[in-house]
Amino acid sequence: MTPETKEKIDNLVKENKIMVFMKGNKLMPQCGFSNNVVQILNTLGVPFETLDVLADQEIRQGIKEYSNWPTIPQVYLSGEFLGGSDILIEMYNKGELQQKVEVALAS
């Protein structure tokens with residue numbers, strides 16, 4: 001990963017309370033896993049930003065190194081890597097995600 005790519009990812013993660021690196025965007029997810037994440041966040045009714053990794057190959061590879069996580073989508077909350085689709089579904093079903101998001105948005 002180039003220093004420029006790392007800096008771009010750093011800035012996106014820091015500047016957005018909820019940042020999703022995904023295939024497609026929140027209006028048109030391009031894979032089922034990305035769609036799952038968008039649906040969960042929409043259900044919570046919270047603001048979030050997305051970046052389409054299909055449009056940026058450097059970010060697509062770089063984000064995997066950045067998080068040390070091999071798959072996309074990747075969700076960050078207040079600069080912290082939460083996980084991908086399966087982890088978000090699990091957290092949502094347990095009620096943990098709602099709590100984490102409320103705390104993050106309140107700060």
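All heavy atoms count here, side chains included; hydrogens, waters and symmetry mates do not. Each residue takes its place number in the sequence, starting with 1.
- Ion pair K6/D10 flagged as a salt bridge, since at least one NZ, NE, NH1 or NH2 atom sits closer than 4.0 Å to an Asp/Glu carboxylate oxygen.
- Nearest heavy atoms, S34 versus P29: C-CB, 4.2 Å.
- Looking at every heavy atom in both residues, L82 comes nearest to K100 through CD2-CD, 4.0 Å.
- Taken to the nearest 0.5 Å, the NZ atom of K26 stands 8.0 Å off from the CG atom of N42.
- Heavy-atom minimum distance, L105 versus P47: CD1-CD, 4.2 Å.
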- Carefully, step by step, assess I9 and M1 under the rule side-chain contact (heavy atoms from CB on, under 4.5 Å). CA-CA 11 Å; I9 293 170; M1 173 173 29; 4.1 Å; yes
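- Geometrically, K17 does not engage F48 in a cation-pi contact defined by less than 6.0 Å to the ring centre and at most 45° from the axis.
- Side-chain contact, N25 with T50: no donor N or O sits under 3.5 Å from an acceptor N or O.
- Tested against L88 for a side chain to side chain contact (heavy atoms under 4.5 Å, CB included), the candidates V20, N36, I40, N93 yield a single pass: I40.
- Cluster annotation: L51 is connected to V46 through the hydrophobic network of ILVMFWY side chains, with a link wherever side-chain heavy atoms come within less than 4.5 Å.
- Between the CG atom in D52 and the CZ atom in F21 there is a gap of 12.0 Å [rounded to 0.5 Å].
- Between atom CD1 of residue I87 and atom CD of residue E96 there is a gap of 11.0 Å, rounded to the nearest 0.5 Å.
- Of the possible donor and acceptor atoms, one in the side chain of D56 sits under 3.5 Å from a partner among the backbone N and O of I59.
- Without hydrogens or angle criteria, N16 side chain to L12 main chain gives a donor-acceptor distance under 3.5 Å.
- G79 and V13 get closest at one heavy-atom pair: CA-CG1, 3.3 Å.
- A side-chain donor-acceptor contact under 3.5 Å links S107 to the backbone of A104.
- Between K23 and I72, the shortest heavy-atom contact is N-CG2, 4.1 Å.
- Put simply, the side chain of Q30 does not reach to within 4.5 Å of the side chain of M22, judged on heavy atoms.
- Contact detail for P73 and V37: the closest heavy-atom pair is CG-CG2, 3.7 Å.
- The CD atom of E102 sits 10.0 Å away from the CG atom of L97 when rounded to the nearest 0.5 Å.
- Side chain of E58 to main chain of T5: no donor-acceptor pair is present (N/O by atom type, distance under 3.5 Å, no hydrogens or angles).
- Atoms CD and OH, on Q74 and Y66 in that order, are 10.5 Å from each other to the nearest 0.5 Å.
- No continuous path of hydrophobic side-chain contacts links L54 to F33 [ILVMFWY only; heavy atoms under 4.5 Å].
- Panel note: side chain S67, backbone I63; a donor-acceptor pair is recorded below 3.5 Å.
- Contacts of F81 classified as ring pair (Phe, Tyr, Trp, His ring centres under 6.0 Å), with partners at least two apart in sequence or in another chain: W69, Y76.
- For T43 (side chain) and Q39 (main-chain N/O), a donor-acceptor pair under 3.5 Å exists by modelled atom type.
- The side chain to side chain contact (heavy atoms under 4.5 Å, CB included) test with K94 is passed by exactly one of M91, E90, Q98: E90.
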